[in-house]
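Residue numbering restarts at 1 for every chain, and letters A, B, ... go by the order of the sequence lines. Computation of the quantities below employed the complete heavy-atom set of this structure, encompassing side-chain atoms and omitting hydrogens, waters and symmetry-equivalent molecules.
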Amino acid sequence: MREQLLERLTTALGELLQEAGDTDAVPTPVLEIPRQADHGDFATNVAMTLAKRLRRKPRDIAEALVDRLGDAGGLLKSSDIAGPGFINFRLAENAWQNLLCDIAEAADGYGRSEGGVGSKVQVEFVSANPTGPLSTGHGRQAVLGDAICRLLEATGHEVTREYYFNNGGRQMRVLGQSVKARYLEQLGRASAPSDAALADPENAWEETRDGLPVAFPSDGYQGDYIADIAAALVDEFAEALVDEDPSDRFRERAQAAIFEDIRGTLDRIGIAFDVYYNEQSLYDEGKLEAAIEDLRAKDLIFDADGAVWLRSTSFGLDRDRVVIKSSGEPTYLLPDIAYHREKFRRGFDTIVDVQGADHIEQFPFVRTATEALGFDGSKIELVMHQFVTVTSGGEQVKQSTRKATFITIDELLDQIGADVFRFFMVERKADSHLDFDLDLARDKNWRKNPTYYVQYAHARSCGLARKAAEAGVAMPGPRDFDPSQLVLEEEIAIVKKLAEFPELIARAAASREPHHIAYYLRDVAGLWNPYLQDGKAHRILSDDEALTQARLGLSLAVRVVLKNGLALLGISAPEQM
RNA sequence: GCCCCGAUAGCUCAGCUGGAUAGAGCAGUCGCCUUCUAAGCGACGGGUCACAGGUUCGAAUCCUGUUCGGGGCGCCA
């Protein structure tokens, strides 16, 4: 709808410029939906922006444009010049009405576009190491990342969802030690540390307790899931693992169990990754050495203090960074650079990294290092999201992975379900903090929940079809109703809202901001629910056959948009609630 | 000390990349509703867009500075 008008407007603009002897490029006018409804359906400020270039008064330019545009081939009902030089357009009603049939016909395809066809995008998200259950922060990232993928798919991109994880290194050693300690404790061969020690390992840590050694590491993982894994090992092996190295079966079993748990959680939210990329493979396949060699060839590597450094100051960053410790072990940075080098080598056109605010510091080093290696760093995008805080009883719940005082996604899902979880997590802009109200989440009485409000709008739309069937009225096909019957202000308002959908998706996809979809769906439901409710002003099922068919056609179009919109967020569109 | 985010109604947050009179949900007050589905509908009240400058026809939006809040600044990941 808007595109058609934009095309006409651009043409008229081009003619106007040519007439004035201006042969420079014709700018694309900004065409927006005014806040004030009485300013029309669309407005443009193009006359004002061209005032200087044409050395004419904005209002004169506007007038010339309006003359030239005419009714834009029947599209326009009126064009008014207002204020300092805005042009306000009002579209002919049948232009809106006819759109309903198009929407109904396009069905699942409505809103999709082809702008991204031929573009391979990799989206990396979650990427939690297998040391414990996913937390709410991971949950936000999972939902955000997946919604971005869905938006990209809806705009034609070829998307790879990727999860990068590390199952080696110090973290995992500590994990193995933690499990082994619990194992020994359960066999009566070790003592658990005191609460005081766990609360303050620096000062209160004991080597022995109650005549037994304390095996638990002072920086160990304290969650109950560790004890559960240990208990399983006691059941299976009894005392056979007492002398086993913590990094062998203890670590491996823990990793397997935790990964299974993570995958189960992701599955419950409806997220499936295409690739689980193991950092270890970078070591095994010599990718770290390859990256180092490439960097060294560019003189970006130097040795100092027994360690190997990245000369990041040479590309303008504030300090150099260690990439290989004096112990010979790489830091996190090196595999990360090597990983991104691989991403480019795998042929992605765009690389989207979804990360929490705590990882932001790393990003400039990775980007500039890959640029130094000859890749186009601007193809790597960072989508950063702020933390999730959970409030309960008016107080913030303290969260710590190590102490396992965090709220897991599974716990939330048990109480509120995947749909509500997704809606809450994606509703806010990524770089705003997300305040998850646990009390509201736990409240079984979801009277004001926007998730249900939107789903309900869809279900009612479907209910209408059932009701019609009971009355012996058949639902019209996409082209089998006369949309010009729909002349009520509220009906036209709904159509106008539905018309925004395709461009909204394109914009949300381009900016990687799925929260726009959530807000939009609330708007649509906020128009549709009241319309449906007000059975006195306008019955949908009435004695007027043509009108009934038209209104059922409207319900079809609404249903299409709600369903497609919910799908973009990974939320179900129930036909009944 | 430096870097990144945020600051908009009592609360939680949008604000289409610089437009016209500032938006929603919740909470509050007042009405309506035995309904084409039940968590529904309408109205009202509520604002110095943190503060101070600047850029221009025009700023919640862009720039600079300040204040407050969150995160980060390791041979941790």
Side-chain angles (χ1 to χ4, degrees), chain A residues 30 32-36 38-39 43-45 48-49 51-52 58 82-86 88 127-129 131 166 169-172 219 279 304-309 317-319 321-333 335-336 356-364 382 384-387 389 391 427-437 440 445-450 452-453 456 459-468 470-471 500 503-504 507-508 511 513 515-516 518-520 522-523 526 529-536 538-542 548 551-552 555 576-577:
Chain A
V30 173
E32 60 170 18
I33 299 171
R35 262 205 288 258
Q36 299 287 117
D38 53 314
H39 287 152
T44 182
N45 62 353
M48 286 179 284
T49 61
K52 264 186 190 160
F86 291 103
N88 295 332
S127 294
N129 289 339
T131 60
N166 174 15
R170 204 187 70 89
Q171 260 191 336
M172 299 304 289
D219 54 355
E279 182 187 318
D305 306 330
V308 180
W309 296 70
L317 295 171
D318 61 348
R319 67 185 201 281
R321 295 280 304 267
V322 170
V323 288
I324 298 179
K325 298 184 255 183
S326 52
S327 66
E329 257 185 320
T331 62
Y332 181 78
L333 180 59
D336 216 6
D358 55 337
H359 274 232
I360 176 97
E361 205 267 336
Q362 182 85 358
F363 186 74
L382 176 66
M384 189 201 58
H385 67 88
Q386 293 293 327
F387 281 10
T389 53
T391 45
E427 193 187 17
R428 307 270 155 76
K429 194 169 56 176
D431 36 45
S432 294
H433 281 256
L434 196 157
D435 188 23
F436 202 107
D437 187 336
L440 184 64
N445 184 5
W446 284 98
R447 298 185 308 175
K448 306 299 183 188
N449 190 313
Y452 293 147
Y453 190 68
Y456 184 52
R460 283 175 106 174
S461 201
C462 297
L464 219 43
R466 290 190 294 271
K467 204 76 188 177
E470 281 171 28
E500 294 174 26
E503 193 181 322
L504 173 82
R507 203 177 72 231
S511 62
E513 292 179 326
H515 73 277
H516 291 302
Y519 274 87
Y520 172 77
R522 290 171 70 154
D523 284 349
N529 281 335
Y531 174 76
L532 210 54
Q533 182 75 14
D534 195 354
K536 281 184 178 155
H538 39 64
R539 301 275 309 174
I540 288 179
L541 303 172
S542 70
T548 297
R551 286 176 173 162
L552 286 173
S555 85
Q576 248 173 309
M577 291 185 79

- Message: With a 4.0 Å cutoff (strictly under), does any side-chain N or O of His515(A) reach OP1 or OP2 of G15(B)?
- Response: yes

- Task: Let me know, please, whether Gly169(A) or Gly463(A) comes out on the 5' side of the other along RNA chain B by nearest nucleotide.
- Result: Gly463(A)

- Task: Give a yes/no on whether any side-chain N or O of Gln386(A) is located under 4.0 angstrom from OP1 or OP2 of A7(B).
- Result: no

- From the options U17(B), U12(B), C36(B), select the nucleotide whose nearest atom is closest to the side chain of Leu532(A). C36(B)

- Would you please confirm or rule out a distance under 4.0 Å between OP1 or OP2 of C41(B) and any side-chain N or O of Tyr453(A)? yes

- Query: Of Ala459(A) and Arg507(A), whose nearest nucleotide on RNA chain B comes first from the 5' end?
  - Reply: Arg507(A)

- Give a yes or no on whether a salt bridge exists between Asp305(A) and Lys325(A), defined as a side-chain N under 4.0 angstrom from a carboxylate O. no

- Message: Counting only side-chain nitrogens and oxygens, does Arg539(A) get under 4.0 Å of the OP1 or OP2 atom of C36(B)?
- Response: yes

- Are the side chains of Tyr531(A) and Arg551(A) in touch, meaning some heavy atoms are under 4.5 Å apart? yes

- Query: Among A77(B), G69(B), U21(B), which is the nearest nucleotide to the side chain of Asn166(A)?
  - Reply: A77(B)

- What nucleic acid atoms does Leu504(A) come within less than 4.0 Å of, heavy atoms only: base, sugar-phosphate, or nothing? nothing

- For nucleotides U66(B) and C57(B), find the distance between their C1' atoms and express it as a whole number of Å. 30 Å

- Message: Over all strands shown, is Arg428(A) touching base, sugar-phosphate only, or nothing at heavy-atom distances under 4.0 angstrom?
- Response: sugar-phosphate

- Compare all side-chain heavy atoms of Ser555(A) with those of Ser461(A) and state whether any distance is below 4.5 angstrom. yes

- Task: Evaluate the criterion side-chain contact (heavy atoms from CB on, under 4.5 Å) for residue pair His515(A) and Arg428(A); output intermediate values, then yes/no.
- Result: CA-CA 6 Å; His515(A) 73 277; Arg428(A) 307 270 155 76; 5.9 Å; no

- Message: Starting the side chain at C-beta, find the nucleotide from U37(B), G19(B), A77(B) nearest to Asn129(A).
- Response: A77(B)

- Task: Go ahead and write out RNA chain B as dot-bracket, 5' to 3': ( ) for pairs within the strand, [ ] for ones crossing earlier pairs, | when the partner sits on another strand, dots for unpaired; Watson-Crick or G-U wobble, both distances under 3.5 Å.
- Result: (((((((..((((.....[...)))).(((((.......))))).....(((((..]....))))))))))))....

- Message: Just N and O in the side chain of Thr49(A): are any of them under 4.0 Å from OP1 or OP2 of G58(B)?
- Response: no

- Base, sugar-phosphate, or nothing: which does Gly83(A) touch, judged by heavy atoms less than 4.0 Å apart? nothing

- Stacked pair His39(A)-A20(B), distance under 5.5 Å, angle under 30°: yes

- Message: Can you confirm whether Met384(A) sits close enough to Phe363(A) that some side-chain heavy atom of one is under 4.5 Å from a side-chain heavy atom of the other?
- Response: no

- Asp431(A) side-chain proximity, nearest of A20(B), G6(B), C41(B): G6(B)

- Message: Could you check whether any side-chain heavy atom of Asp431(A) comes within less than 4.5 Å of a side-chain heavy atom of His385(A), counting everything from C-beta outward?
- Response: no

- Message: Tell me whether the rings of Tyr332(A) and His359(A) are parallel (<30°), tilted (30 to 60°) or perpendicular (>60°).
- Response: perpendicular

- Task: Decide yes or no on side-chain contact (heavy atoms from CB on, under 4.5 Å) for Leu552(A) and Ile540(A), but give the supporting numbers first.
- Result: CA-CA 7 Å; Leu552(A) 286 173; Ile540(A) 288 179; 4.1 Å; yes

- Query: Does Arg507(A) come within less than 4.0 Å of Glu513(A), counting only side-chain N to carboxylate O?
  - Reply: no

- Task: Please work out if His538(A) contacts a base, only the sugar-phosphate, or nothing of the nucleic acid, heavy-atom cut-off 4.0 Å.
- Result: base

- Message: The side chain of Met384(A) is closest to which nucleotide in this list: C13(B), A14(B), C4(B)?
- Response: C4(B)

- Task: May I ask you to say what Ala43(A) touches in the nucleic acid, namely base, sugar-phosphate or nothing, with a heavy-atom cut-off under 4.0 Å?
- Result: base

- Report which part of the nucleic acid Ala471(A) touches: base, sugar-phosphate, or nothing (heavy-atom distance under 4.0 Å, all strands). nothing

- Task: Mind checking Gln576(A) for me? I need base, sugar-phosphate or nothing, with any heavy atom below 4.0 Å counting as a touch.
- Result: base

- So do Asn88(A) and Thr44(A) actually touch side chain to side chain, heavy atoms under 4.5 Å? no

- Under 4.0 angstrom between Arg35(A) side-chain N/O and U21(B) OP1 or OP2: no

Can you pull every protein N or O that's under 3.5 Å from an N or O on nucleotides 72-76 of chain B?
residue	atom	partner	partner atom	Å
C75(B)	O2	Ser326(A)	N	2.9
C75(B)	O2	Ser326(A)	OG	2.9
C75(B)	N3	Ser326(A)	OG	3.3
C75(B)	N4	Asp305(A)	O	2.8
C76(B)	OP2	Lys325(A)	NZ	2.7

- NA contact type, Asn88(A), heavy-atom cut-off 4.0 Å: base, sugar-phosphate, or nothing? base

- Note on the structure: With syn meaning chi within 90° of zero and anything else anti, the base of U37(B) is anti

- Task: Select base, sugar-phosphate, or nothing to describe what Asn45(A) touches, counting heavy atoms under 4.0 Å on all strands.
- Result: base

- Can you check side chain to side chain donor-acceptor pair (under 3.5 Å) on Gln533(A) and Arg460(A), steps first, answer last? CA-CA 10 Å; Gln533(A) 182 75 14; Arg460(A) 283 175 106 174; 2.8 Å; yes

- Output the single nucleotide from C36(B), G69(B), A14(B) whose closest atom is nearest the side chain of Lys467(A). C36(B)

